[in-house]
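Note sheet for the following structure.
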Amino acid sequence: MSRTAYLLLLAVFLAPAVIIYSTFSIYPLLATIFNSFYDRQDDGTSLFVGLSNFTTLLSDPTWSAPFWNAFRNNCLFFLIHMCVQNPIGLVLAALLSLPRLNLRATYRTLIFMPTMLSVVVIGFSWQLILSPLWGVAKMFLSFFGLGFLFGPWLGEESTALLTISLISVWQFVGIPMILIYTALLAIPDELIDAATVDGLNQFQAFIWVKLPLILPTLGLVSVLTFVNNFNAFDLIYAMKGALAGPNFSADIMGTLFYRVFFGNQLQLGDTSMGSAIATMMFLIILTGVMIYLFVIQRRMHRYSF
Amino acid sequence: MRKPASAIAVHAILGLYTVLALFPIVLVVMNSFKAKRAIFNTPLQPPMPWNFDPIGYAKVFGDSAITSYYLNSLVVTTGTIFMTLLFGAMAAWALTEYKFRWNTLLALYLSIGIMVPIRLGSVAIIQLVSDLNMINTLSALVLVYTAQSLPLSIFILSEFIAQIPKDLREAGRCDGLTEFHIFFYIVLPLIRPAMATVAVFTMIPVWNDLWFPLLLAPTNGKQTITLGVQQFLGQYITDWNAVLAALSTAIIPVLILYVIFSRQLIRGLTSGAVK
Amino acid sequence: MAEVLIDKLCKSYGSAEILKDIDLKVEDGSFVVLVGPSGCGKSTLLRCIAGLEPISAGGMTIGGRQVKNLPPAKREIAMVFQSYALYPHMDVKGNMAFGLRFAGTPKAEIEARVAEAARILQLEPLLKRRPRELSGGQRQRVAIGRAIVRKPQVFLFDEPLSNLDAALRINTRVEIAKLHKLLNATIVYVTHDQVEAMTLADKIVVMNKGRIEQAGKPLDLYYKPANLFVAGFIGSPAMNFLEGHVTGSGRVEAAGSGLTLRLPSSCKPGDKVTLGVRPEHMNLGAAPGPLLQAQVDLIERLGETGYAHLRLPTGQVVISEVRGEPGHVTGDSISVGFDPVRCHIFDAAGRRIE
């Protein structure tokens, strides 16, 4: 094959993917970062302003207060996922991967089901269930004698974010469960047999043999949780709208970005500041991914069996 | 499970969690078929002849363009799956099979999108789409979703293509097949299982997405079902029959698809390691 | 070291019977090899001895102690797995010490035992390495070392050589034989390779479809296979079988010719019998016994010896060992014979007739 023909061949195979991906993914990403250094004027032209959008965002109280509020909330959102979603996922995966378990496929399929549904649908369904109007949640709690605990959780500043986080945990617990379950299945049976011969019971074998071997997967699950959490938007928007709940108590980066960029009842849309927030989100996510790639993943050995 | 006591405990935990996972979904779907009074008075009762009332569904399918939203979602999802699979497989094949100078770099470039969400470029995507006069079109959604899905699909498909024995492709070349024939008649049929997995992975986020329909096709009858339901819910917030029916219309098709394809999906997720 | 006694052991999964009425005695200090085709139940039997599989019926004692309901760690056994099953996240020393740590062995004792095993197996320079940094043969030695440090009553080996290449397999085989002598250990060893079985075993147990077909010394099995299955399984290439029937006193018609053999008086005319002749006992040309006409199909030359594939008039192909340069080519018509003394006779049910 001549060199020209070879290059042509490569071009034909690669061009569609590279063009679409570059145009609708990489270019917008770069353009957004680029935009964040400019200030859009009223006449439609743009003025280079260096880092001033960022200094405004981080120091001007009208901007920095909502920004830090959203950032703090987002960190809390992530923390709740790490402390609730991933441990539950781990426990479920550990139970599902037990040998000789009946109904394994059924449990797996049913527990994963909420993950398949749209966040909008999930958000609204929970909103109805938790609504004092319907009273299903209260009825449920009363059944266990816990009726006094019930409150308008979604409507109160102190509990709105926690409640939404737990709903998100409920929906997405299937993802860490399946990923960890897969990693557990990849561990050869003989290794567990060897541990049994060495005198370990199921629980000890899990702690001393299986857990160390799935550490890379736990790292991956953490970074995926991080990226998804700092990119979240749908659930809060669906449940609380762009204003993100009583007095912005459930505001996270995604909703802040949407509000600033599109504007809302309180302010006009602002492309430049929107870009600046998107760039900050990009930097946060990038930092998380880099920490994972260069600090966590380097220290962990990936074992092939 | 040798000891019955521990087996019972395991089943109790898994069973309880399963109930927790299904309860809200079952509750919504169940009550969507009931009369308003029954929804409030006996929410835990399944629909029965005496409390049955499809009024919510009548509203959903009567007052709004839900059917056309379904169609929109279907067009967007199938379009995205088709382009993602075809272009993704082509690129994956070129990257795995052919040696050229920028091979590794290009692979790295294409994998950025796995970790960095495309949403962060939304500002520029809107500008781009409006410059192209594609606001409120389904094609804009298909293009954006394809760009979003390509990185992961190229990554997965490459792994599978690399597993195809070299001999098969060499045999094809000896038989005088062109590179395109080898791709379409040898490679594509062989990676069909992987394509099914990628299709499911592509489908779920696209079908469920709210963000891009909200940004790129929010009006004009071009809403997807997820956005359509969201807007409908906003309008009818106080009409519980309509709200529950709208939610169920969004849930039920996905559930049916999931029950049909769950085996394939889970097998894809667990990449064949099913016990 | 101790002896293992297995008494009427049965194992079934649901309705599928994997092991049926297994009776077996593994003498103290002996090397017993379980062989058989895949799916015959040999690995399951080993795992039952280890306690990794519960047994459905019957009993088992190790060193006189009933172990039926004991967990593996309490049976004083050690097992070497086919894939070695080394813990990938621990170094060589960690792998060997792991079980002892859980048994609560004092630290100094662990150190001493690991050092001893490392010395025997020449693993001393490798103690700090991880399994993935070791070659196949080294991993194999670590797996054996992990078994040695436990000072078990019985060693169990599950096809330990099947992941090694041919040259290393022979080396390791010799090492295992030496180790057996050195430790004076009781060993139960599973393999599908009959050469391993013949060279290592004090006693071979041939298994098929969940039953023991025959157990005995390697050469006893070779010279006096109890039935058609064992006759066909032991020896390579496999024994030739000729279908026939008894025509008169001491006369058998087989492969289209009448042969005179010494038959026991229990054989009546008309009885169906199968004659078994090993390739090494079939001679081209002259023989002290009956001659058959045949056509050369193929000659495989291995050097000093070779194998001639011969087609009998009935269409059946038999294999004969040839020495030196046979001088025949494909298509030649020749006669082939065998010594009746070397011929095994089996009845219609496949049992050996003496």
Side-chain angles (χ1 to χ4, degrees), chain A residues 9-10 13-14 16-18 20-21 23-29 31-32 35 92 95-96 98 100-101 103 107-114 116-121 124-126 128-129 134 136 139 170 178 181-182 185-186 227 231 233-234 237-238 261 271 274-275 278 281-282 285-286 289, chain B residues 1 10 13-14 17-18 21-22 24-25 27-28 40 43 87-88 90-91 93-94 98 100 106 110 112-113 115-125 128 143-144 146-148 150-151 154 179 204 208 210-211 226 229-230 233 243-244 247 250-251 254-255 258 262 266 269-271 273 275:
Chain A
L9 181 79
L10 283 179
F13 275 120
L14 287 166
V18 171
I20 292 180
Y21 172 71
T23 315
F24 289 92
S25 184
I26 296 297
Y27 161 73
L29 212 57
T32 301
N35 267 340
L92 291 175
L95 294 180
L96 279 180
L98 285 174
R100 288 182 279 264
L101 176 73
L103 295 174
Y107 286 131
R108 199 176 53 197
T109 307
L110 294 179
I111 293 176
F112 195 74
M113 200 175 261
M116 298 292 302
L117 295 174
S118 158
V119 175
V120 173
V121 170
F124 231 92
S125 302
W126 273 102
L128 298 183
I129 291 165
W134 197 6
V136 177
M139 204 185 292
W170 172 84
I178 288 288
Y181 171 69
T182 311
L185 286 195
V227 173
N231 187 36
F233 163 78
D234 302 36
Y237 181 77
F261 178 48
T271 316
S275 300
M281 290 169 73
F282 175 75
I285 290 176
L286 200 68
V289 173
Chain B
M1 297 281 78
V10 168
I13 297 171
L14 288 173
Y17 198 87
T18 308
L22 296 185
I25 302 170
L27 197 67
V28 166
F40 281 97
F87 298 154
M90 282 164 62
W93 161 251
Y98 305 121
F100 52 96
L106 192 60
L110 285 169
I112 296 173
M115 276 301 179
V116 180
I118 186 171
R119 257 182 210 187
L120 297 177
S122 299
V123 177
I125 289 178
L128 180 69
L143 286 169
V144 170
T146 306
Q148 171 186 287
L150 273 172
I154 292 176
E179 296 299 312
I204 305 166
N208 286 339
L210 177 65
W211 179 263
T226 306
V229 165
Q230 199 263 338
L233 293 173
V243 164
L244 288 168
L247 288 173
I251 293 175
V254 179
L255 283 199
Y258 177 60
S262 66
I266 305 272
L269 286 166
T270 55
S271 38
K275 267 189 199 171

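Owing to the predicted nature of the structure, the values given are computational and were not obtained by experimental measurement. Quick note on labels: first sequence line is chain A, next is B, and so on, each numbered from 1.
The shortest distance between side-chain heavy atoms of B:P117 and A:V227 falls below 4.5 Å. The shortest side-chain heavy-atom distance between B:F100 and A:L14 falls under the 4.5 Å cut-off. Considering only heavy atoms from C-beta on, B:L247 comes within 4.5 Å of A:L128 through its side chain. Contact of the B:V243 side chain with the A:F124 side chain is registered, since non-hydrogen atoms from C-beta on lie closer than 4.5 Å. Between B:L255 and A:L117, the closest side-chain pair of non-hydrogen atoms falls below 4.5 Å. B:L14 places a side-chain heavy atom less than 4.5 Å from the side chain of A:L96. Looking at A:Y237 and B:Q230, their side chains come closer than 4.5 Å, going by heavy atoms from C-beta outward.
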* Would you sort out whether B:F87 and A:Y21 count as a side chain to side chain contact (heavy atoms under 4.5 Å, CB included), showing the intermediate values? => CA-CA 10 Å; B:F87 298 154; A:Y21 172 71; over 6 Å; no
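Your options are A:L286, A:T271, A:T32, and the one with the most heavy-atom pairs under 4.5 Å with chain B is A:T32. The greatest number of non-hydrogen atom pairs below 4.5 Å with chain A, out of B:V116, B:V229, B:T146, is found for B:V116. For the set A:V18, A:I285, A:L29, A:T23, the count of heavy-atom pairs under 4.5 angstrom toward chain B peaks at A:L29. Interface check for chain B: of the options A:G274, A:P114, A:A278, the most heavy-atom pairs under 4.5 Å are formed by A:P114. Interface remark: of the candidates A:F233, A:F282, A:W126, A:F233 forms the most heavy-atom pairs closer than 4.5 Å to chain B. Between chain B and the residues A:A238, A:P16, A:A31, the most heavy-atom pairs under 4.5 angstrom are made by A:P16.
Heavy atoms closer than 4.5 Å to chain B are found in the side chain of A:N35, but not in its backbone. With a 4.5 Å cut-off on non-hydrogen atoms, B:L143 touches chain A through its backbone and its side chain both. Contacts between B:W93 and chain A at a heavy-atom distance below 4.5 Å involve the side chain alone, from C-beta outward. Interface remark: A:V289 contributes side-chain atoms only to the contact with chain B (heavy atom separation under 4.5 Å). In this structure, the portions of B:L233 lying under 4.5 Å from any heavy atom of chain A include both its backbone and its side chain. For A:I129, the part lying near chain B is the side chain, with the backbone staying farther off; criterion is any non-hydrogen pair under 4.5 Å. If you measure heavy-atom distances from B:I251 to chain A, the contacts under 4.5 Å come from both the backbone and the side chain.
For A:M113 against B:L22, the heavy-atom pair with the smallest separation is SD-CD2, 3.7 Å. For the pair B:L120 and A:M281, the tightest heavy-atom approach, listed with the atom from each and the gap, is CD2-CB, 3.5 Å. B:R119 approaches A:N231 most closely through the heavy-atom pair NH1-O, 3.1 Å. The shortest heavy-atom contact between A:D234 and B:W211 is OD2-N, 4.2 Å.
The CZ atom of A:F24 sits 5.0 Å away from atom CG of B:L128, with the distance rounded to the nearest 0.5 Å. To the nearest 0.5 Å, atoms CD (B:Q148) and CD1 (A:I20) are separated by 13.5 Å. Rounded to the nearest 0.5 angstrom, B:T18 OG1 and A:I111 CD1 are separated by 4.0 Å.
In terms of modelled atom types and a separation under 3.5 Å, the side chain of B:Y258 and the main chain of A:T109 share a donor-acceptor contact. No side-chain donor-acceptor contact under 3.5 Å links A:Y27 to the backbone of B:G121.
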